[in-house]
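Read through the structure below, which is laid out as structure tokens, and then see the notes.
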Amino acid sequence: EFLVDLKIEPVSAITPDFIFCHPIPNEALKKLKQAQIGITTSLTFNDDNLASHHFQLKLLNCILPDAAAIVDFNVRRIFSPVWLRETARSSAAPGPSYIYSVNVAPDRENEGKAWVFTQGLNRCGFVELEVINADEKNTDFYATVLSIACGKAVTERKFPDEMEKFDIA
């Protein structure tokens with residue numbers, strides 16, 4: 001059982017930091033750029049994060065079988081309508097990496113430093129993770145560590161308390 005909130009609202013601006021995760025057919029891309037309104041779904045995930053996300057995608061596919069694309073504002077990604085249809089038809093949920101993203105932003109005030117952070121864990125009831133003042137030369141390492149921690153938290157359905165140590169591998 002899920003609590004779902006559906007809203008028909010003006011399409012928000014899709015900024016350059018959104019990533020296309022799959023090739024979008026040209027006709028769908030044209031529709032996406034011209035869209036004036038869209039449907040926003042908010043869903044409270046239950047204890048099974050992967051199944052909850054899969055349900056949300058299946059619901060979107062039922063509501064919008066001819067969607068131009070799916071824009072996931074939690075992780076700032078754009079998914080193709082072909083991927084949505086195939087995922088909705090599948091009995092297997094998409095992997096945990098579709099629920100979260102790991103991002104790197106250079107620190108504009110401190111040269112050679114960066115901010116490595118997650119997005120999307122909040123929909124699982126978890127806090128977002130971040131590395132502040134990361135050395136830019138080590139951002140790949142930090143991003144990998146955060147990604148492993150996120151995948152583990154999403155699949156194991158638990159997250160350590162603040163300041164609690166935990167193993168990621």
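Everything numeric here is computed off the predicted structure, so don't read it as measured data.
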Are any of the side-chain nitrogens in [X] or [Y] under 4.0 Å away from the carboxylate oxygens of its partner?
X	Y	answer
K30	E27	no
D17	R76	yes
R85	D66	no

Check: Should the ring pair F79 and Y98 be called parallel, tilted or perpendicular, given that the plane angle runs from 0 to 90° and is split at 30 and 60?
Finding: tilted
Next item on the list: Fit a plane to each ring of F45 and H53, take the angle between them on a 0 to 90° scale, and name the class: parallel (under 30°), tilted (30 to 60°) or perpendicular (over 60°).
Entry: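 Ring orientation of F45 relative to H53: tilted.
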At their closest point, which heavy atom of [X] faces which heavy atom of [Y], and how far apart are they?
X	Y	answer
E136	A114	CG-CB, 3.9 Å
P94	L50	O-CD2, 3.7 Å
A68	K31	CB-CB, 3.6 Å
I39	L6	CG2-CD2, 4.2 Å
S80	P23	CB-O, 3.3 Å
S52	F2	OG-CE2, 3.3 Å

Does a side-chain heavy-atom distance below 4.5 Å link [X] with [Y]?
X	Y	value
V131	W115	no
F18	F73	yes
L146	V116	yes
L129	F117	no

Check: Can T144 and I148 be said to form a side-chain contact (heavy atoms from CB on, under 4.5 Å), step by step?
Finding: CA-CA 6 Å; T144 300; I148 292 168; 3.9 Å; yes
Next item on the list: Would you mind telling me which of N49, D47, D48, N46 makes a side chain to side chain donor-acceptor pair (under 3.5 Å) with R157?
Entry: D48
Keeping the roles fixed (side chain from [X], backbone from [Y]), state whether a donor-acceptor pair exists under 3.5 Å.
X	Y	answer
S90	E86	no
T87	W83	yes
D135	K137	no

Checklist line | Trace of the side-chain hydrogen bond (donor to acceptor under 3.5 Å, both in side chains) decision for Q119 with N74 | finding: CA-CA 6 Å; Q119 291 178 306; N74 278 294; over 6 Å; no
Notebook entry, point to check: Between T41 and Q56, do the side chains contain an N or O donor and an N or O acceptor separated by less than 3.5 Å?
Noted result: yes
Check: If you draw a 6.0 Å radius around CD in E156, do more than 12 non-hydrogen atoms from other residues or ligands fall strictly inside?
Finding: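 It does: E156 CD has more than 12 such atoms within range.
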Checklist line | side-chain hydrogen bond (donor to acceptor under 3.5 Å, both in side chains) involving T40 - partner list, sequence neighbours excluded | finding: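 side-chain hydrogen bond (donor to acceptor under 3.5 Å, both in side chains) list for T40, sorted by chain: E9.
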Next item on the list: Under the ring pair (Phe, Tyr, Trp, His ring centres under 6.0 Å) rule, collect the residues that match up with F141, sequence neighbours excluded.
Entry: none
